[in-house]
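Here's the structure we're looking at; comments come further down.
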Amino acid sequence: MKFEVEKLIDDVALKVGYGEIMGSTESVEYVLDRMKHIISIAEDKGELVRYVTTLIDKSIKARPTSAMLINSSREILIKLNELLDKGIAVAELKTELSKVIEDIILKAKMATDKAARIASHRIVDGDHIMTISYSKTVLKTLDYALMDGKRIKVTILESRPGGEGVIVARILSKKNIPTTLIVDSAARYFMKNVSKVVMGAEAIAVNGAVINKVGSSILALNAYEARVRVFVVAGIHKFSLETVFGELVDIPTAREEVLLPPDKRREIGENVKVYIPLVDVTPPEYIDAIITDRGVIAPQAVPFLLKEVYGTLPPKLPEVKDLIRQALSKI
Amino acid sequence: MATCSVPLEVTRIAEDIKSMRIRGAGRIARAAARALEIAAEKFEGESIEDFINYIKHVAQILVSTRPTAVSLPNAVAYVTSVIDKISRMDNINEAKKIIIGRAREFIEYSLKATDKIGEIGSRRIEDGDVILTHCNSSAALSVIIHAFKQGKRVKVYATETRPKFQGHITAKTLLREGIDVTLIPDSAVRLVMKNVDKVVVGADTIAANGAVINKVGTSQIALAAHEARVRVFVAAETYKFSPATVVGELVTIEERSPLEVVDEDFLKENKGIEVRNPAFDVTPPEYIDAIITELGIIPPQAAILILKDMFGWAIKDYYQYTTIGCEMEEI
C-alpha cells in the first residue's frame, strides 16, 4: 500500500476514535467521505479493495462501539463483493461504489432527519430539556421543535471527558434557546427543574440498552428517580445487529492526557492511575422511548423493529470481517 | 459600641475561606476557631464590653464567608458560647484567655475527631475493598488511610471532581500513603460502580433528618451506589450536624462563580448562556447506609440523636452570637 494512503487511513482512524470529531453520526460521515477519496485515487482493483477494507478495518477498531460505522461498512462491503463478482472494469467499479457510499450517506441523513422530526412531536411548548454531549440528531430535534414555535429551555452537561457540552451550549445559544451549562456532577441537583431528558446514541443493543457518551447512564438514572422521561433519538442505522448474537460492546477509553496533562500527573504522583471510559450503557428500564425514523418504540421492542426492517430475527447478515476476507480473496 | 479594627491575619483567614484557599468543612471550622483565637490575642482594648462586641463582630465576618458548611457557624458558636460567662467578668486578660482556650479546645477536638472517625470507620472496611470517594474530605480519607495502615489492601477510585479538581488532592494524599488510586471523570461514576464495594465520602452539613449536604455530585454517586447495592458511608464530625435544621431552617446551597467552570472569554462571547455552579447537593438519608462520627456510627435517620446530645434543645441560644439563627423561634 502506498505510504500516503496508509497515512491518510491512519489519520482517519485517529480522528474517528472518539477524538476530534464530536458526534457519532458525523464521525461516520467523515469516514465515508474519506473512503470516496481513496477510491478515487486507487489505480487498480487490488488497490481499491485493499484501501477500502483497510480503512473499514482500522476505523472500526478505532471506534468499535459505533453501530452506524459497522452497519454502513457492511453495506459497502456487500456491494463491493457483488461488484467484484460481476467482473466489471476498475473505472466502473469506482463509480458504482462511490454511488453506493453516497446513497448510504444520504439515507442516514434522511433517517436522522425523520427520527428528529418524529422526536420533535414529543417536545411540548414550555419543555425544559436536559441533554448530554454533542448529538446531531438531538440538535435537529430541537430545531424542529423551535420551527413549530415551541418555547424550550435546555440544560446541557459539560460532558467530560471531551467537554462537548461547552460547544453545544454555544450552538444552542446561537439558536436563541435559553441555555444553562452545568458540570456533570450537577445533573441530579438540576433534574427537578427539568421536564425531559433527550439524548442521542452511539449504538442501540437488541435488548434496548443504549450505548452513548459516558455519563448518559447516570443522567438516565437521575431522570428515572425524578420521574422525568428519557427519550433516545436515533435512526435505524444506529442499531447494533451484532448484539443479537450476544456480542458485548467493549468500553473504549480515552488517552490519559484528556483527563490528566503530564504536568498534573507529576504534581499528583507518577503512580496515579487514570480510567477514562468514553461511553457507557444505559439499561432499557431507564428509557421511556427510542425514537427512530420508523417511529417511536419502547426500548424492549427493538427486536420487533429489527425484524420488520431486516425481515428475519436474527437478521441474516454477514459479518464485516468475513466480508473483508471475501473481498480480498477476489483480487 | 467601640470601633473594632479586625487584625489583618483574621481578615486574611476570612478571605481564604471565601476564595476556597481554605476548603473542606473540617479545615474551615479549624481556621475559623484559629481566627477567633488570633482576634482575642490581638485585642488591645481594656473594656470587657468592647471585647465582646469585637469578638461578635469577628464572629459575624467569619460566618458570612461561606453559607453552606455548618461546621463554620458551629465552630464559631462553640467559641463564642462563653461570651455570657465573659460578660460577668472584669479582668480583660482573663476574658481573652477564655476565648483563646475555647478556640484551642475546638481545634484540638476537631483534629482528634478526624482521627477517631478514621479509627471507627476503618472497621467497616475489609481487606480487598474497592472504595469510591468524591471530592477531598479529610474525614473520608482518614477512614481509608486507617484501614490501609491496618494492612487492608484497598483500592480507591477518586472522582476528579469538577469544577475545581479536588480529586487531584485526594489522589495525591492517598498516593503518598502508598494506596492504589485511579482517577475517573465524574460522569463515569455509574459505570465504575459495579466494581466498587463501598462509597466513602465526607459531609459539609448534616441536616436533622439525616440528609447529607456535600460536594455537588455526591447525591448522584449515592443514587448509583443505591442502585448497585453498594454501601454508602458518610464520614463526618459531630460539628457538621446542623442544629438550625432542627427548627426547620433550610440549608442554603452556595452557588459559586461560573468562572470555575468556563473562562472569562467564554462568558463574554456567550452572554446568552447561563452557567450555573452549585457547590453542593443534598443526598437523601435513604441512600446512606451509615454516618461515621467520632462518637460512633449512626444510621442517618438518627442524626437528631447527635444534635440533641450535642446542643440540647436550646438551639436558639446556641446561635445567638452568629448571624444565622438570630431570629429563630423557640420550639
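To find a chain, count down the sequence lines: A is the first, B the second, and so on, and within it residues start at 1. What's counted below: heavy atoms across the whole structure, side chains too, no hydrogens, waters or symmetry copies.
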(message) Counting heavy-atom pairs under 4.5 Å with chain A, which one of Thr218(B), Leu223(B), Thr159(B), Thr161(B) comes out on top?
(response) Leu223(B)

(request) Anything in residues 203-217 of chain B with a heavy-atom distance to chain A below 4.5 Å? Please list those residues in order. (result) Val216(B), Gly217(B)

(message) Please rank Ile273(B), Ile184(B), Thr173(B) by heavy-atom pairs under 4.5 Å with chain A and give me the top one.
(response) Ile273(B)

(message) Could you report the tightest heavy-atom contact between Leu183(B) and Leu260(A), atom names first, then the distance?
(response) CD1-CD1, 3.8 Å

(message) Among Gln220(B), Lys271(B), Arg162(B), which residue has the highest count of heavy-atom pairs closer than 4.5 Å to chain A?
(response) Gln220(B)

(message) Please classify the contact of Glu158(A) with chain B as side chain, backbone, both or neither, using a heavy-atom distance under 4.5 Å.
(response) side chain

(request) Select one option (side chain, backbone, both, neither) describing which atoms of Phe280(B) are under 4.5 Å from chain A's heavy atoms. (result) backbone

(message) Measuring only between side-chain heavy atoms, which start at C-beta, is Ile218(A) closer than 4.5 Å to Met193(B)?
(response) no

(message) Taking side chain as everything from C-beta outward and backbone as N, CA, C, O, which of these in Leu175(B) sits under 4.5 Å from a heavy atom of chain A? Side chain, backbone, both or neither.
(response) side chain

(request) With rounding to the nearest 0.5 Å, note down the distance linking CD1 in Ile268(A) to OG1 in Thr170(B). (result) 10.0 Å

(request) May I ask you to name which of Val183(A), Leu221(A), Asp184(A), Val214(A) has the most heavy-atom pairs under 4.5 Å with chain B? (result) Leu221(A)

(message) Atom OH of residue position Tyr224(A) - does it have more than 12 heavy atoms of other residues, nucleotides or ligands inside 6.0 Å?
(response) no

(message) Are Asn195(B) and Tyr275(A) packed together at the side-chain level, in the sense that at least one heavy-atom pair is separated by less than 4.5 angstrom?
(response) no

(message) Let's go through Phe266(B) and Arg170(A) carefully: what are the C-alpha distance in whole Å and the side-chain angles of both, what is the deciding distance for side-chain contact (heavy atoms from CB on, under 4.5 Å) to 0.1 Å, and is it a yes or a no?
(response) CA-CA 9 Å; Phe266(B) 179 89; Arg170(A) 267 199 216 115; 3.6 Å; yes

(message) Taking the side chain as everything from C-beta on, heavy atoms only, tell me whether Ser187(B) gets closer than 4.5 Å to Pro277(A).
(response) no

(message) Can you confirm whether Ser185(A) sits close enough to His134(B) that some side-chain heavy atom of one is under 4.5 Å from a side-chain heavy atom of the other?
(response) yes

(request) Might you confirm whether atom CD of Glu264(B) has over 12 heavy atoms from other residues, nucleotides or ligands at distances under 6.0 Å? (result) no

(message) Only pairs of heavy atoms separated by less than 4.5 Å count here; which of Lys264(A), Lys174(A), Glu267(A), Arg188(A) has the most with chain B?
(response) Arg188(A)

(message) Is Glu227(B) in contact with chain A via its backbone, its side chain, both, or neither, using a 4.5 Å heavy-atom distance?
(response) side chain

(message) At a heavy-atom distance under 4.5 Å, which candidate from Asn270(B), Val282(B), Asp186(B) has the highest pair count against chain A?
(response) Asn270(B)

(message) Between Gly272(B), Ala171(B), Ser219(B), who has the most heavy-atom pairs with chain A when the cutoff is under 4.5 Å?
(response) Ser219(B)

(message) Does this structure show an ion pair linking Asp180(B) with Lys273(A), if we count only N-O contacts that are shorter than 4.0 Å?
(response) yes

(message) What I'd like to find out is whether the side chain of Leu191(B) reaches to under 4.5 Å of the side chain of Ser217(A), using heavy atoms alone.
(response) no

(request) Take Glu160(B) and Arg160(A), measure what side-chain contact (heavy atoms from CB on, under 4.5 Å) needs, and give me the verdict at the end. (result) CA-CA 10 Å; Glu160(B) 62 172 348; Arg160(A) 298 253 311 159; 2.5 Å; yes

(message) Return the CD1 to CZ distance between Ile182(A) and Arg276(B), rounded to the nearest 0.5 Å.
(response) 9.0 Å

(message) Is it the case that atom NZ in Lys153(A) sees more than 12 heavy atoms from other parts of the structure closer than 6.0 Å?
(response) no

(message) Other residues, nucleotides and ligands only: do more than 12 of their heavy atoms fall within 6.0 Å of CZ on Arg256(B)?
(response) yes

(request) Can you measure from CG (Asn277(B)) to CG (Leu181(A)) and round to the nearest 0.5 angstrom? (result) 10.0 Å

(message) Is Tyr286(A) in contact with chain B via its backbone, its side chain, both, or neither, using a 4.5 Å heavy-atom distance?
(response) side chain

(message) Please determine whether the number of non-hydrogen atoms from other residues, nucleotides or ligands lying under 6.0 Å from atom NZ of Lys175(A) exceeds 12.
(response) yes

(message) Within a 6.0 Å radius of atom CZ on Arg27(B), are there more than 12 heavy atoms belonging to other residues, nucleotides or ligands?
(response) yes

(message) Could you check whether atom NZ of Lys155(B) has more than 12 heavy atoms from other residues, nucleotides or ligands sitting under 6.0 Å from it?
(response) no

